[in-house]
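The figures that follow rest on heavy atoms only: side chains count, while hydrogens, waters and symmetry mates do not. What you see is a predicted model; the values in this text were computed from it and never measured. Chain A is the first sequence line, chain B the second, and so forth, proteins listed ahead of strands; every chain is numbered from 1.
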There are 2 protein chains.
Amino acid sequence: MESFRAHLDKFIKINDEEYTSILSFFTILQFKKKENLMKEGEICKSLFFVSVGCLRKFFVNEKGVEQTTEFAIENWWMTDTFAFERQTKSDFNIQTVEKSVVLSIDLKSQELLLQKHPVMEHYFRMVYQKSCAAAERRIRYLYEFNREELYLQFSTQFPWFIQRIPQYLIASFLGFTPEYLSEIRAKLRS
Amino acid sequence: MESFRAHLDKFIKINDEEYTSILSFFTILQFKKKENLMKEGEICKSLFFVSVGCLRKFFVNEKGVEQTTEFAIENWWMTDTFAFERQTKSDFNIQTVEKSVVLSIDLKSQELLLQKHPVMEHYFRMVYQKSCAAAERRIRYLYEFNREELYLQFSTQFPWFIQRIPQYLIASFLGFTPEYLSEIRAKLRS
DNA sequence: CGTCTCGTTGAGAGTTTTCAATGTAAGTGG
DNA sequence: CCACTTACATTGAAAACTCTCAACGAGACG
């Protein structure tokens, strides 16, 4: 878990002993591709930190289609924040997109962690703050661009991610159908 | 500023002396309807807390139309989080929708506040966490519903807000044109 | 009274989805 | 390694959704 340590170091100053203690509050989990970490309708027990790999969050709409709302790659956190905070049923599914290594913590452990290591309040404050900032930007893009522009924007901003992820997930994340993405790509190609 | 105290009390335990000290880091501002608190392109200096009234955050799209992305009513915070954190140019405008009373704090003051009152780290962690939770829900709705359903959803969930705000701002917030909102309302009426 | 803002209506145009069919790449078990 | 199956990507036509534009009506306010 060297990567988690490096990540924490970007926000807070801790020594080896503290790090060992902090890490002890988490469970390390390994997943294959397309394994489920959380299911819609089940109590949202865990907050996940992606150490290696990629997760996606999605729900199933009334037509039975999976709508991806978020990806999490290395050094990102993911859960249904609303449901985790209240320990209620999750509104989302979380699934690996690739083989992944994930740190997991439950609410009670997080509370104990914050109690024992107050510096982690600062850490999580910063993480949530960045997460809010990202959400604000995300929402702006959704209002500013039409589907074609969203794809163009996304593929120029994260070309390496486009390579990494199947296209139908990109389409799902950008909020349109795989067919329409094909059409857009055909148009851009010509 | 009794309302701010009551709001803080929901998250943290502080005495009168601490509260007085905390409040001293803020500036109290009064605004009339449609006054500007922040402008796109200017350095994002302030984080705002709405004590009374209502703010909206918007940007101007390439067609010159104002797109509202967020409202803040009593006990909500608002800024361009990304720009505030980095003290860079704001990507959004912030304007009052009604006559409002607002607490304002700049980044340096917030840092001093957090230093002097570590309990505020916890407070802001909770606030940002809730904000993230709201954003996750918001994004889900944007993916789940078409415009008509968005309006239906919004108007049944926040009927009191629909009363409070002019319709063209509702349309802007939900991401469609006032004309289309009229059409939806006509359809629902019949 | 005139002006401005806001809400409404309708026609036509643009965007995006649906559905069904086909093609292609990739994984699996023998 | 091949044959089979499944998952993913593409195409095209018709339908559904949403926007644009121009015009009109109603109310607020100086």
Output field: ring centroids A/Tyr141/A/Phe154 closer than 6.0 Å: no
Could you list all the salt bridge (Lys or Arg N to Asp or Glu O under 4.0 Å) pairs where at least one residue sits in residues 153-167 of chain B, not counting sequence neighbours? B/Glu74-B/Arg164, B/Glu98-B/Arg164
Aromatic contact between B/Phe71 and B/Trp76, with the criterion being ring centroids under 6.0 Å apart: yes or no? no
Rounded to whole angstrom units, what separation is found between the CD atom of A/Glu148 and the P atom of C/dT16? 8 Å
Quick one: does any side-chain atom of A/Thr96 pair with a main-chain N or O of A/Lys99 as donor and acceptor, under 3.5 Å? no
Expressed as a whole number of angstroms, how long is the span from B/Leu174:CG to D/dC17:P? 17 Å
Check whether the ring centres of B/Phe26 and B/Phe4 lie less than 6.0 Å apart, and answer yes or no. yes
What is the distance, to the nearest angstrom, from the CZ atom on B/Phe176 to the P atom on C/dG7? 13 Å
Could A/Arg86 and A/Phe82 be counted as a cation-pi pair, given that NZ or CZ must be under 6.0 Å from the ring centre and within 45° of the axis? yes
Taking atom P of D/dA16 as reference, at what distance in whole Å does atom CZ of B/Arg147 sit? 19 Å
Those residues that, when tested against B/Lys33, pass side chain to side chain contact (heavy atoms under 4.5 Å, CB included) (two or more places apart): none
Aromatic ring centroids of A/Tyr143 and B/Phe59 under 6.0 Å? no
What is the bend of the helix from C/dC1-D/dG30 to C/dG30-D/dC1 when you compare the axis at one end with the axis at the other, using five pairs each and rounding to 10°? 50°
Just the rounded figure in Å: distance from P of D/dC19 to OH of A/Tyr143. 12 Å
Could you state the CD-C1' distance from B/Glu144 to C/dT17, rounded to the nearest angstrom? 17 Å
Which pairs, with at least one residue in residues 136-158 of chain A and sequence neighbours excluded, count as a salt bridge (Lys or Arg N to Asp or Glu O under 4.0 Å)? A/Glu136-B/Lys57, A/Arg137-B/Asp80, A/Arg137-B/Asp91, A/Arg140-A/Glu144, A/Arg140-B/Glu40, A/Glu148-A/Lys187
Has B/Glu2 got more than 12 heavy atoms of other residues, nucleotides or ligands less than 6.0 Å from its CD? no
Take nucleotides 25-30 of chain D nucleotide by nucleotide from the 5' end and write B, S or -, depending on whether a protein heavy atom sits under 4.0 Å from the base, only from the sugar-phosphate, or from neither. ------
Measure all distances between protein nitrogen or oxygen atoms and nitrogen or oxygen atoms of nucleotides 7-13 of chain D, and list the pairs falling under 3.5 Å.
{"unit_1": "D/dC8", "atom_1": "OP1", "unit_2": "A/Lys34", "atom_2": "NZ", "d": "3.2"}
{"unit_1": "D/dC8", "atom_1": "OP1", "unit_2": "A/Tyr168", "atom_2": "OH", "d": "2.9"}
{"unit_1": "D/dA9", "atom_1": "OP1", "unit_2": "A/Gln167", "atom_2": "N", "d": "3.0"}
{"unit_1": "D/dA9", "atom_1": "OP2", "unit_2": "A/Tyr168", "atom_2": "N", "d": "3.0"}
{"unit_1": "D/dT10", "atom_1": "OP2", "unit_2": "A/Gln167", "atom_2": "OE1", "d": "3.4"}
{"unit_1": "D/dT10", "atom_1": "OP2", "unit_2": "A/Ser182", "atom_2": "OG", "d": "2.9"}
{"unit_1": "D/dT10", "atom_1": "O5'", "unit_2": "A/Ser182", "atom_2": "OG", "d": "3.4"}

Between D/dC17 (P) and B/Tyr151 (OH): distance, integer Å: 18 Å
Send over the distance from B/Asn61 CG to D/dC19 C1', rounded to a whole Å. 12 Å
Step through it carefully: locate the ring centre of A/Phe49, locate the ring centre of A/His7, and say whether they are under 6.0 Å apart. yes
Ignoring backbone atoms, test whether B/Lys63 places a side-chain nitrogen or oxygen under 4.0 Å from the OP1 or OP2 oxygen of D/dC19. no
